[in-house]
Amino acid sequence: MPETQPTRKRGNFIRTIIERDIAQGKNNGQVVTRFPPEPNGYLHIGHAKSICLNFGFAADYNGRCHLRFDDTNPIKEDVEFIEAIKEDVRWLGFDWGKYEYHASDYFERLYQYAEELIMKGKAYVCELGPDEIREYRGTPTQPGRESPYRNRPIRESLDLFRRMRAGEFAEGTRVLRAKIDMASPNLNMRDPVVYRIRKQPHPRTGDKWCIYPMYDFAHCLSDAIEGVTHSLCTLEFEDHRPLYDWFLDQLDVPSHPQQIEFARLNISYTVLSKRMLRQLIDEGVVTGWGDPRMPTIKGLRKRGYTPESIRQFSEDVGLAKANSIVDMAMLENAIRDDLDPKVPRLMCVHKPLKVVIDNYEESRVEYMKAPYYPNDPEKMGYRQTPFTREIFIEQDDFMEDPPKKFFRLAPGREVRLRFSYIIKCVDVVKDPRTGEVIELHCTYDPDSLGKKPVGRKVKGTIHWVSANQGVPAILKLYDRLFTVPNPAGEGGNFMDYLNPSSLEVVRNAVIEPAIKDVGKPGARFQFERKGFYFLDPEDSTPDMFVFNRIVSLKSKWERIRGGAGTAHTK
RNA sequence: UGGGGUGUGGCCAAGUUGGUAAGGCAGCGGAUUCUGGUUCCGUGAACCGGGGGUUCGAAUCCCUCCACCCCAGCCA
């Protein structure tokens, strides 16, 4: 899958380890990774990074990457998520081929391993209740106490474990525990639970099982069974590595993968924890996992982000073990960078202000030849955009009393109309009651088409759309979800920092008529001087175009006038 | 106060055997531009967490201190 690989690659500690392993002939020089989601929710961009990493390393070193669902806890998981996850991984551009696995496929084998552990005297059935187990576990500074069942005969544990499987006991009355060290400074080693009773049907195995393995047991063994060589996970599992290795050391396993931990991704002005994302949904802040403001893969896709941009972003942010918060600007840069050279331009007036060109004949129409991609006109060809006596310009492009560096339209001033004439504002019509500017009268310079004006310089160029030939559209202007860089670490509730204007719906936008030719559902455009937009294939209807703003263009002007707190300001 | 980690310019992050600090993003200049976009040049005072030490020489080795993150689910 060479086309899915970002162009820029750099060194990182995991790449170093992998290359060293290959050089030393470890694992016969093979590289096998895996992406192991738990099907209990939707994937977000943090998972995307992990996906890119795992599939990326596999591709780089001619190995393979497995997609394995870590479905060991039936009370939290649902098949609904399995399809969604597969769709997201596929959309990102990765193909796991035949290597799709489910931890639940290994249940029988895992069970056998558990019996092996018991028979080796390395595990026992414990009859302490949940509260007692916690109490016996001790604290970080105090060692735990051994369970009274810890030294029961192997035969007894084996018998009990088999009866657990047979369903003879109620939930919470018994668990299988590894016999390690109740005094270990690493709490994970204080006789961790290996199997628990859950009288709950499993999405994939139905009611075949009523005992389910814990993550620590299932994960390392699944990796070993599959021949994974490098098992990448996030930092919080660092403490679990001794346990990961312990299980594999005790049992007769086909391989012993190496667990390597890296810091999870964080991005400013958003949150990336399942719990918080769920809360945003539950409290109605967003419409669901696929809301275009969500940092989920589904949300980014709906917003209009491309898989390429997300892959490049993953590469750009790098890989390390230091906790960090990546600037949202980096994500925005990735999508602009990707879209800029490959998306056609169009003019779209978001908030129309009517302009009457007094000296332009009423019935006259001129078709202005405009390249879809001005940086290289022949690349995407041209469209003809109609110019008429009445046009719309952006309300923001006119100021009655402009500040210093404003070089757009103002009373008595001139501007260039993109791909058209230079006009001069000669009159301002206001609503007598509100004082609001509702119409402008201008004159055009007939000698300014396609040439520089004579005897003066016109600094500004603004976009416009014919008033009677423009096509109506609805624009959804999305912005970051939070107003502070680190809503989750600000102290207090992250919900206190919601951006009240993370979505602005513009209902009377007008686009030049060429949109009828090129406006295929799912297409992306740059609306000149505004930003990149995605023609939403789900929200659009046969008689109404609905666009999502993917990201705005960078704007020096926004900075000059002191940032209005939108996408490009901080 | 136990264990496991991490600290390189505003934000990420290279730096693998010690030789005297890549790159990206953001910012700031300027050039080009019928998008205040793009592109192109240029630019930033980095005590490499602090303090000791070893060495001709340390971000890289040793000691020590500090800060921050993770761990007491029959979650993953």
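Note that this is a predicted model, so its numbers are computed, not measured. Chain naming here is simple, since letters A, B, ... match the order of the sequence lines and numbering starts at 1 in each.
Rounded to a whole angstrom, the distance from the P atom of B/C48 to that of B/G10 is 13 Å. On the C1' atoms, B/G51 is 28 Å away from B/C12, given to the nearest whole Å. The same atom, P, is picked in B/G7 and in B/G53; the two are 25 Å apart, to the nearest Å. When the P atom is used for both B/U55 and B/G18, the distance is 16 Å, rounded to whole Å. Only the P atoms considered, B/U38 is 12 Å distant from B/C28, to the nearest whole Å. Nucleotides B/G44 and B/A21, compared at atom P, are 14 Å apart to the nearest Å. B/U17 and B/A58: their C1' atoms are spaced 14 Å apart (whole Å). Across B/A59 and B/G50, the matching C1' atoms stand 14 Å from one another, rounded to whole Å.
In the set B/C25, B/C74, B/G2, the nucleotide with an atom closest to the side chain of A/Pro140 is B/G2.
One finds no side-chain N or O of A/Arg10 lying less than 4.0 angstrom from the OP1 or OP2 phosphate oxygen of B/A13. Distances shorter than 4.0 Å separate none of the side-chain N or O atoms of A/Ser555 from OP1 or OP2 on B/G37. Under 4.0 angstrom from either OP1 or OP2 of B/A76 there lies at least one side-chain N or O belonging to A/Arg196. At B/G15, none of the side-chain N or O atoms of A/Arg15 fall inside 4.0 Å of OP1 or OP2 (strictly under the cut-off). OP1 or OP2 of B/A76 sits under 4.0 Å from a side-chain N or O of A/Thr72. Look at A/Arg137 and you'll find a side-chain N or O under 4.0 angstrom from OP1 or OP2 of B/G73. For the pair A/Arg134 and B/G73, the criterion of a side-chain N or O lying under 4.0 Å from OP1 or OP2 is met. An OP1 or OP2 oxygen of B/C28 is reached within less than 4.0 angstrom by no side-chain nitrogen or oxygen of A/Lys556.
Of the charged side-chain nitrogens involved, at least one lies within less than 4.0 Å of a carboxylate oxygen, so that A/Asp223 and A/Arg68 count as a salt-bridged pair. Salt-bridge annotation for A/Glu236 and A/Arg264: present, with a side-chain N of the basic residue lying under 4.0 Å from a carboxylate O of the acidic one.
When both pairing distances are held under 3.5 Å, B/C56 makes a Watson-Crick or G-U pair with B/G19. For B/G7, the paired base is B/C66 (Watson-Crick or G-U wobble, both distances below 3.5 Å). With a cut-off of 3.5 Å on both pairing distances, the Watson-Crick or G-U wobble partner of B/G27 is B/U43.
Between A/Gln312 and A/Asp316, the side chains place a donor N or O and an acceptor N or O closer than 3.5 Å (distance only, hydrogens not considered). Side-chain contact annotation: A/Arg480 with A/Thr270, donor-acceptor N/O pair under 3.5 Å absent. In this structure, a donor-acceptor pair under 3.5 Å is absent between the side chains of A/Glu394 and A/His350. No hydrogens or angles considered: a donor-acceptor pair under 3.5 Å links the side chains of A/Arg15 and A/Tyr61.
Side-chain N/O atoms of A/Asp316 and base N/O atoms of B/G24 include no donor-acceptor pair closer than 3.5 Å. Side chain A/Arg336 to base B/G37: no donor-acceptor pair is found below 3.5 Å.
For A/Glu238 and B/C70, the CD to P distance is 13 Å, given to the nearest whole Å. Atom CG of A/Asp376 is separated from atom P of B/U32 by 21 Å (rounded to the nearest Å). The separation between A/Arg524 atom CZ and B/G37 atom C1' is 19 Å, rounded to whole Å. A/Glu315 places its CD atom 14 Å from the P atom of B/C25, with the value rounded to the nearest Å. Distance, A/Asn375 CG to B/U33 C1': 9 Å, rounded to whole Å. A/Glu558 places its CD atom 12 Å from the P atom of B/G37, with the value rounded to the nearest Å. Note: CG (A/Leu235) to C1' (B/C68) measures 12 Å, nearest angstrom. In this structure, A/Arg345 places its CZ atom 11 Å from P of B/U39, rounding to the nearest Å.
A/Arg198 forms no cation-pi arrangement with A/Tyr212, by the criterion of a distance under 6.0 Å to the ring centre and an angle within 45° of the ring axis.
Residue contacts shown for A/His463 are absent, as no nucleic acid heavy atom lies under 4.0 Å away. The residue A/Leu319 sits close only to the backbone: its heavy atoms come under 4.0 Å of sugar-phosphate atoms, none of a base. Nucleic acid contact for A/Tyr212: none, since no nucleic acid atom lies under 4.0 Å from a heavy atom of the residue. At a threshold of 4.0 angstrom between heavy atoms, the contacts of A/Arg20 with the nucleic acid are absent. Base contact: A/Phe406 has a heavy atom under 4.0 Å from a base atom. Across all strands, A/Lys405 comes closer than 4.0 Å to base atoms (heavy-atom distances). Residue contacts shown for A/Gln526 include a base, since a base heavy atom lies under 4.0 Å away. Residue-level contact check: A/Gly11 touches the backbone only, with heavy atoms under 4.0 Å from sugar-phosphate atoms and none from bases. No contact: A/Asp216 has no heavy atom under 4.0 Å from any strand. Contact annotation for A/Asp70: backbone-only contact, meaning every heavy-atom pair under 4.0 Å involves sugar-phosphate atoms and none involves a base. Across all strands, A/Lys76 comes closer than 4.0 Å to base atoms (heavy-atom distances).
Taking for each of A/Arg529 and A/Thr173 the nucleotide of RNA chain B with the nearest heavy atom, the 5'-most of the two is the partner of A/Arg529. When each of A/Lys530 and A/Val326 is assigned the nucleotide of RNA chain B with its nearest heavy atom, A/Val326 is the one assigned upstream, toward the 5' end.
The backbone N or O of A/Phe532 sits nowhere less than 3.5 Å from a side-chain atom of A/Arg336 that would complete a donor-acceptor pair.
Glycosidic torsion of B/G42 falls outside 90° of 0, placing the base in anti.
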Kindly indicate, with the supporting measurements, whether the criterion side chain to side chain contact (heavy atoms under 4.5 Å, CB included) is fulfilled by A/Asp88 and A/Thr296. CA-CA 9 Å; A/Asp88 287 347; A/Thr296 51; over 6 Å; no
